[in-house]
Amino acid sequence: MQEEPAEQALAYRGGDGGLAAPRHLKATMTGGVLTLALDRPAQHNAIDAALATALRQVLEAASADPQVRVVVLQGEGTGFSCGLDDLEEAQALAALHHCARRVIPLMPQPVIAKVHGFCAGAALGLVEACDIAYAAADTAFTVSGGPVDGGAAERSGLVTFCVPSGELQAQVEALASELAAKDALVLRFTKETLLEVGSLDWDAVLDFNAAKSAQLKALQAGQPSARATLIASFLAGKSKPGLGG
Amino acid sequence: MLRIEDHPEGVRSIGLDRAAKRNAIGVELTLALEQALLRTRDDRHVHAVVFHGIGGHFSAGMDMKDFFDSSDRPPEVLQRARAATEHWRTRLLRELPQTVVTAVQGYCFGGALPILAFSDVVLADRSARLGLPEINFGFVPGAQIVKAATQALSRRGVAYAALTGRSLDAERARAWGLVSAVVDGDPFQEALALARRAARDRG
């Protein structure tokens with residue numbers, strides 16, 4: 001039986017190919033998995049304004065691209081990232097904050113952090129924002145209480161799993177492929193559910209469930225929801241709901 | 001469907017008893033659970049409750065044949081069953097005044113997780129496999145199940161379980177908060193012993 005040749009990782013330029021080549025960030029796609037590598041290894045992947053902006057732009061493009069099923073975030077060279085290049089750099093901080101607080105949690109694809117070597121400062125927030133995080137056991141995390149290793153990072157919930165450093169690549173790859181094969185809509189809805197339920201009381205959560213089920217059914221039927229059709233029709237001037245049109 | 005036994009000192013055990021389906025919760029079992037929990041909640045002679053599964057598994061979760069799209073049950077039966085499920089899952093379990101100890105062997109998936117989330121103590125043996133496999137079947141885990149899971153599991157744990165559909169072994173479930181202790185003996189007997197001590201303490 002002939003083996004399929006391994007799919008080549010191609011440079012990612014957005015769903016329409018229009019994304020400018022990102023600065024200090026390697027972005028490659030293979031088999032639905034978008035791998036983003038912070039790429040300033042000589043500066044310990046210190047995040048400057050260019051890198052933070054590139055990260056935000058690529059993540060935003062990816063979130064709108066149905067070809068991207070999973071995102072893996074990692075660092076080139078000897079570690080993940082030492083954090084911000086310059087603590088005064090407001091633009092870098094803002095872009096990074098936006099990635100961690102909005103883009104990553106709200107994008108439909110699961111985002112996996114793959115952490116090795118070192119991880120400090122604002123990079124910790126990036127890792128925390130990712131849906132699932134793997135760390136090599138000998139990773140040096142610099143947290144406010146003092147430096148901790150991968151095992152401590154797992155126990156505290158900073159990362160999901162601490163693994164032997166020799167296994168990091170294989171485990172993340174296996175998980176990414178598994179997730180890439182799952183129903184994209186179901187992944188998206190599951191991620192949304194995870195985001196919302198903490199703040200809902202027990203009655204509201206039943207309403208939420210009913211609403212999500214109906215929304216999912218409509219989307220899975222290949223039809224837009226009736227409401228979406230009505231709105232589109234109204235905006236196109238083809239109907240005037242409520243006005244007899 | 002359910003094996004309910006009253007033991008000395010005010011301990012009631014409620015055993016899921018549908019071994020042929022790995023105690024998957026179908027229409028009859030969900031209605032029985034609702035009734036059992038209603039009666040138990042209001043029974044002042046019961047001081048502790050032990051949940052367990054008969055036949056080597058706790059529960060494989062909601063019965064897909066009964067509750068998912070392809071169900072051939074009459075709509076009014078399904079409606080009653082769904083209402084009963086939400087009743088015990090989001091209200092009755094919370095309202096039980098007794099100490100609740102749950103013993104887990106084998107599978108413990110999906111819709112069965114709220115029982116653990118509302119337990120005071122969960123004992124699992126090493127065969128236990130717990131998780132939210134809904135995504136593997138193309139379903140989104142119910143929001144009320146995810147909410148219950150967030151009460152029992154760490155943030156990292158529930159995200160991993162829900163998004164990957166992978167099952168957790170007993171030790172991983174313990175590390176992430178879903179299980180209190182992993183036991184080598186029969187978790188049901190240990191759960192009964194623990195429940196008896198708790199019932200005694202309540203006086």
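On a predicted model such as this, the values are computed, not experimentally measured, just so you know.
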- Is chain B contacted by the side chain of A:Lys212, its backbone, both, or neither, given a heavy-atom distance below 4.5 Å? neither
- Message: Between the side chains of B:Arg166 and A:Glu178, is the shortest nitrogen-to-carboxylate-oxygen separation below 4.0 Å, so that they form an ion pair?
- Response: yes
- Query: Quick one: what part of B:Thr150 sits under 4.5 Å from any heavy atom of chain A, side chain, backbone, both or neither?
  - Reply: side chain
- When the 4.5 angstrom heavy-atom criterion is applied to A:Asp131 and chain B, the contacting part is both
- Message: For B:Trp88 and B:Leu38: C-alpha separation, side-chain torsions, deciding distance, then whether side-chain contact (heavy atoms from CB on, under 4.5 Å) applies.
- Response: CA-CA 8 Å; B:Trp88 64 256; B:Leu38 258 169; over 6 Å; no
- Taking every heavy-atom pair that is under 4.5 Å apart, which of B:Leu163, B:Asn136, B:Leu132 has the most such pairs with chain A? B:Leu163
- Query: Ion pair present between B:Arg80 and B:Glu34, side-chain N to carboxylate O less than 4.0 angstrom?
  - Reply: yes
- Under a 4.5 Å heavy-atom cut-off, does chain A meet the side chain of B:Glu86, its backbone, both or neither? side chain
- Message: Report which part of A:Ala181 has an atom under 4.5 Å of a heavy atom belonging to chain B: side chain, backbone, both, or neither.
- Response: neither
- Item | Nearest atoms (heavy-atom pairs only) where B:Asp120 meets B:Gln98 | OD2-O, 4.0 Å
- Message: Ring centres under 6.0 Å, that's the criterion: do B:Phe118 and A:Trp202 meet it?
- Response: yes
- Message: Please identify, among A:Asp203, A:Leu200, A:Leu175, A:Leu179, the residue contributing the most non-hydrogen atom pairs under 4.5 Å to chain B.
- Response: A:Leu175
- Message: Are B:Phe137 and B:Phe139, when compared by the centres of their aromatic rings, separated by less than 6.0 Å?
- Response: no
- Whether B:His52 and B:Phe188 hold their rings parallel, tilted or perpendicular, with breakpoints at 30° and 60°: parallel
- Task: Please flag which part of B:Ala175 lies under 4.5 Å from any non-hydrogen atom of chain A: side chain, backbone, both or neither.
- Result: neither
- Where on A:Leu187 is there a heavy atom nearer than 4.5 Å to chain B: the side chain, the backbone, both, or neither? both
- Note on the structure: Bottom line for A:Glu196: the part with an atom under 4.5 Å from chain B's heavy atoms is neither
- Task: Measure distances from B:Gln151 to the heavy atoms of chain A and classify the residue's part below 4.5 Å as side chain, backbone, both or neither.
- Result: side chain
- Query: At a heavy-atom separation under 4.5 Å, does A:Asp207 approach chain B through its side chain, its backbone, both, or neither?
  - Reply: neither
- Would you call B:Asp63-B:Lys21 a salt bridge at under 4.0 Å N-O? no
- Query: How about A:Gln169 and A:Lys114: does a side-chain donor come under 3.5 Å of a side-chain acceptor?
  - Reply: yes
- Query: Is it the backbone or the side chain of B:Ala149 that comes under 4.5 Å from a heavy atom of chain A, or both, or neither?
  - Reply: neither
